[in-house]
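Here the structure is laid out as structure tokens; the discussion comes afterwards.
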Amino acid sequence: MTPETDALKVQILPKHQSLPYTVTKAKSKSLILLVVVSVTITLGLLLYVFNSNSVISSGSLLSRRCKLRYSVLIDAGSSGTRVHVFGYWFESGKPVFDFGEKHYANLKLTPGLSSYADNPEGASVSVTKLVEFAKQRIPKRMFRRSDIRLMATAGMRLLEVPVQEQILEVTRRVLRSSGFMFRDEWANVISGIYSWITANYALGSLGTDPLETTGIVELGGASAQVTFVSSEHVPPEYSRTIAYGNISYTIYSHSFLDYGKDAALKKLLEKLQNSANSTVDGVVEDPCTPKGYIYDTNSKNYSSGFLADESKLKGSLQAAGNFSKCRSATFALLKEGKENCLYEHCSIGSTFTPDLQGSFLATASFYYTAKFFELEEKGWLSELIPAGKRYCGEEWSKLILEYPTTDEEYLRGYCFSAAYTISMLHDSLGIALDDESITYASKAGEKHIPLDWALGAFILDVVTPNSDYNGKSRKYLGF
């Protein structure tokens with residue numbers, strides 16, 4: 001494990017004291033002999049201290065490993081389901097997390113659980129595989145003392161509640177028989193602020209002044225998330241309160257369901273297809289797909305699950321990549337329903353959004369898009385516009401040759417995601433193009449902790465003011 005991810009403390013040994021030898025009027029040979037003896041004794045003592053300390057350190061490490069605890073969290077996202085296995089321990093009554101490879105592991109399987117809407121029983125296969133992965137990383141004697149939870153996000157929230165419950169009940173059946181500690185309420189659909197927890201824990205700002213924390217703008221597959229501490233009055237339906245240590249945080253948090261990258265692209269393509277019906281030839285241009293792209297006549301098994309019916313677009317859409325037109329089309333999507341806004345300020349649709357303040361991290365698809373275009377971390381929004389214009393205006397055949405290692409599913413979507421990022425962050429949320437207080441990231445802090453919401457859920461589950469740190473009272477707060 002690298003020093004950056006090693007959570008173990010290094011003990012600093014005290015300097016060795018000089019031995020109290022005094023030499024007076026000694027002959028040359030006697031002096032040399034005395035020096036040799038002194039050095040030998042000194043080295044011997046140092047070696048003894050070093051070995052003794054090594055035994056102590058090894059004993060401490062062994063003691064810590066004997067007291068390791070484990071938690072398993074299954075993240076049921078829109079594009080796939082990932083299991084996280086956490087190992088942690090307590091020092092001086094406080095939990096210690098280590099997200100390095102010795103005490104953390106994860107595995108993702110596709111597709112997401114929401115894809116089993118027509119066959120809920122099919123969800124048991126992937127969940128069972130993920131449980132087996134967790135079992136391989138936790139000592140068998142610890143199974144009954146290790147909790148397992150499943151938390152589903154926006155992909156599942158798009159389904160009707162009865163369908164959600166059918167899928168969740170299948171997963172509960174698997175988790176009940178897993179051998180781990182489990183309760184039925186630990187498998188549910190969430191809409192929380194866990195990415196914000198992860199980011200601020202990684203940055204060291206969790207537990208400090210609320211206004212010194214960092215906000216999160218996250219673009220997932222099915223939804224977009226905005227979370228930050230606002231000094232404005234926030235209506236209770238958009239406010240979340242959590243406690244960490246002795247600090248309470250009141251946070252604006254909202255998940256814009258159906259505004260994730262994949263869901264928004266699907267919505268745009270459907271609108272274009274519907275408008276094609278009113279044209280003379282039944283064909284309309286798609287400005288968000290590079291020119292020359294051929295909509296597949298065979299339904300593809302895209303990992304997102306949103307574009308599996310691309311074959312239906314054949315004949316009604318013509319790829320005509322144009323960044324400016326795509327930006328206008330995506331901005332129109334984000335404005336839909338704004339006329340129904342009941343608040344002083346609605347940035348996206350009819351949803352209340354206070355003015356963004358403080359520093360922000362742009363994560364998930366915001367990060368992947370900026371990384372693909374190799375943008376600078378600061379001032380990246382201003383760079384994204386010319387990069388998007390060049391990309392959208394290129395021929396599909398040339399893009400395939402230019403990016404031979406990139407999956408075509410993602411390659412096809414970068415024109416849209418570039419324009420959509422500008423439409424959402426700049427045109428809708430009002431972030432200036434040259435604003436350096438917003439950076440894109442997938443990891444944060446000195447230890448480069450991944451900005452995965454599941455880590456935040458784990459942290460908030462283990463560290464709560466309501467916990468006696470003996471594992472007797474652990475729960476999620478603020479949701």
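Treat the numbers as computed from the prediction; the structure is a model and nothing was measured.
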Would you confirm whether [X], through its side chain, and [Y], through its main-chain N or O, come within 3.5 Å as a donor-acceptor pair?
X: R327; Y: A419; value: no
X: E218; Y: A224; value: no
X: S177; Y: R173; value: yes
X: Y249; Y: G207; value: yes
X: R149; Y: S71; value: no
X: Y238; Y: I251; value: no
X: D435; Y: I431; value: no
X: T241; Y: T250; value: no
X: H103; Y: D98; value: no
X: W196; Y: T214; value: yes

How close do [X] and [Y] get, heavy atom to heavy atom, and via which atoms?
X: W453; Y: S195; result: CB-OG, 3.2 Å
X: C346; Y: F352; result: SG-N, 4.1 Å
X: S79; Y: T110; result: O-CG2, 3.4 Å
X: Y420; Y: T330; result: CD1-CB, 3.7 Å
X: L130; Y: I74; result: CD1-CG2, 4.2 Å

Which distance, rounded to the nearest 0.5 Å, do you find between the [atom1] of [X] and the [atom2] of [Y]?
X: I197; Y: T227; atom1: CD1; atom2: OG1; answer: 9.5 Å
X: L356; Y: Y252; atom1: CG; atom2: OH; answer: 8.5 Å
X: L384; Y: H426; atom1: CG; atom2: NE2; answer: 11.5 Å
X: L175; Y: M181; atom1: CG; atom2: CE; answer: 13.0 Å
X: L381; Y: F366; atom1: CG; atom2: CZ; answer: 9.0 Å
X: S223; Y: L158; atom1: OG; atom2: CG; answer: 8.0 Å

Using a 4.5 Å cut-off on heavy atoms from C-beta on, say whether the side chain of T363 contacts that of Y368.
no
Hey, are the side chains of D147 and W186 touching, using non-hydrogen atoms and a 4.5 Å cut-off?
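D147 vs W186: side chains touch.
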Does [X] [atom1] have over 12 foreign heavy atoms under 6.0 Å away?
X: E237; atom1: CD; value: yes
X: Q136; atom1: CD; value: yes
X: N340; atom1: CG; value: yes
X: K271; atom1: NZ; value: no
X: E344; atom1: CD; value: no

Under 3.5 Å, is there a donor on one side chain and an acceptor on the other for [X] and [Y]?
X: R157; Y: S114; result: no
X: Q225; Y: S253; result: yes
X: D286; Y: Y295; result: yes

Over-ring placement of R141 relative to F143, 6.0 Å and 45° cut-offs
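Not flagged: R141 not positioned over aromatic ring of F143.
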I want to check a possible cation-pi pair here: R144 against F180, using under 6.0 Å from ring centre and within 45° of the ring axis as the test.
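Judged by the rule, R144 and F180 form no cation-pi pair.
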I'd like to know if the two cysteines, C288 and C392, have SG atoms within less than 2.5 Å.
no
Where does the angle between the aromatic ring planes of [X] and [Y] fall among parallel (under 30°), tilted (30 to 60°) and perpendicular (over 60°)?
X: F86; Y: H84; answer: parallel
X: F90; Y: Y88; answer: perpendicular
X: Y403; Y: Y391; answer: tilted

Does the pair [X]/[Y] count as a salt bridge with the N-to-O cut at 4.0 Å?
X: E383; Y: K378; answer: no
X: K67; Y: E91; answer: no
X: E132; Y: K129; answer: no
X: E336; Y: K267; answer: no

Determine, step by step, whether K371 and E377 satisfy the salt bridge (Lys or Arg N to Asp or Glu O under 4.0 Å) criterion, reporting the C-alpha distance in whole Å, the side-chain angles of both residues, the deciding distance to 0.1 Å, and the verdict.
CA-CA 9 Å; K371 195 69 175 177; E377 290 186 6; 5.8 Å; no
Working note: D452 + T198, criterion side-chain contact (heavy atoms from CB on, under 4.5 Å); need CA distance, chi angles, decisive distance, verdict.
CA-CA 7 Å; D452 193 314; T198 303; 5.6 Å; no
Quick one, Y293 with R412, criterion side-chain contact (heavy atoms from CB on, under 4.5 Å). Give me CA distance, side-chain angles, the key distance, then yes/no.
CA-CA 8 Å; Y293 178 86; R412 171 262 177 92; 3.5 Å; yes
Stepwise, does the side-chain contact (heavy atoms from CB on, under 4.5 Å) test hold for N106 with V85?
CA-CA 6 Å; N106 71 83; V85 184; over 6 Å; no
Go through the steps for F256 and M424 under the test side-chain contact (heavy atoms from CB on, under 4.5 Å), then give the verdict.
CA-CA 11 Å; F256 295 87; M424 180 173 288; 5.9 Å; no
